[in-house]
Amino acid sequence: MPVIKVIDTEGNGLTCFDFEGRRYPNFPGIQRRLEMTQSFVGRSDDIWVIAYPKSVEYGSWSNMVLDWWENTKDDPNVLFVKYEDMSKDLLLIIRQLAVFLDLERSEELYGEIAKQCSFQTMKKVKTPMEPNVWKEQNLMYRKGKVGNWKEWFTVAQNEAFDTWYQQQMKDSELTVEFEI
């Protein structure tokens, strides 16, 4: 995997890996994880796997998310954006992002960005990586709806996940909406 040095606008360098035409920061274990995607074959129940311990590189989903949340929630240089919030009001999130980045623009531009970033447009355009990651199934772009988990989880899986989620998130003010 080629290693590339990327220079930002202030002249700082960042070492990245080039993988299938995309650049990824040199995080620990990233090269191995990217190479693993080449042989990944998705199954209809794989979405359930991310909730269990050691389902992401450094522990469970909750450990990863809560660690980021607890260490950066008060950092003025970090903006947390959740898929559920984008699903409710993408235009509002685009405005918030523009303010956060100090790149305020016209409502017309925000509307065009929202159109280009909509699930429908992304599903139509897709990304070059999508067929390589999900192989035989088109799981990268399913329905784009919050609450679609109901079509994937069994009742038993949902009950187990609810119990697990409540236990993991009980001490955090971070919330995730599973239905809108």
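What you see is a predicted model, and the numbers here were worked out from it, not measured in a lab. Quick note: residue numbers are just sequence positions, from 1.
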Check: For the side chain of Asp85 and the backbone of Val81, is there at least one donor-acceptor N/O pair under 3.5 Å apart?
Finding: no
Check: How long is the gap from CG on Leu79 to OG1 on Thr72, to the nearest 0.5 Å?
Finding: 10.5 Å
Next item on the list: Could you grab the distance from atom CE of Met169 to atom CH2 of Trp164, nearest 0.5 Å is fine?
Entry: 8.0 Å
Next item on the list: Compare every heavy atom of Ile180 with every heavy atom of Ser87, then report the nearest pair and how far apart it is.
Entry: CB-CD1, 4.1 Å
Checklist line | Near-ring test Phe178/Phe153, centroid separation under 6.0 angstrom | finding: no
Check: Side chain of Lys73, backbone of Leu174: donor and acceptor closer than 3.5 Å?
Finding: no
Note to self: Once rounded to the nearest 0.5 Å, what's the spacing between atom CG of Asp75 and atom CZ of Phe80?
What the structure shows: 9.0 Å
Note to self: Does Glu159 form a side chain to side chain contact (heavy atoms under 4.5 Å, CB included) with Val155? I'd like the steps, not just the answer.
What the structure shows: CA-CA 6 Å; Glu159 291 170 354; Val155 172; 3.5 Å; yes
Notebook entry, point to check: Quick one: does Glu177's side chain get under 4.5 Å of Tyr83's, heavy atoms only?
Noted result: no
Note to self: Between Val146 and Lys88, is there a side-chain heavy-atom distance shorter than 4.5 Å?
What the structure shows: no
Side chains of residues 95-102: which donor-acceptor partners sit under 3.5 Å, not counting sequence neighbours?
| unit_1 | atom_1 | unit_2 | atom_2 | d |
| --- | --- | --- | --- | --- |
| Arg95 | NE | Glu107 | OE1 | 3.1 |
| Arg95 | NE | Glu107 | OE2 | 3.1 |
| Arg95 | NH2 | Glu107 | OE1 | 2.8 |

Next item on the list: Consider only side-chain heavy atoms of I, L, V, M, F, W and Y, link residues closer than 4.5 Å, and tell whether Ile94 and Leu92 are in one cluster.
Entry: no
Next item on the list: Grab the two heavy atoms, one from Gly111 and one from Leu91, that are nearest each other, plus how far apart they are.
Entry: N-CD1, 3.8 Å
Notebook entry, point to check: Taking all atoms of both residues into account, what is the closest heavy-atom pair of Glu84 and Val176, and its distance?
Noted result: OE2-CG1, 3.6 Å
Note to self: Can you confirm whether more than 12 heavy atoms, excluding those of Lys115, are under 6.0 Å from its NZ atom?
What the structure shows: no
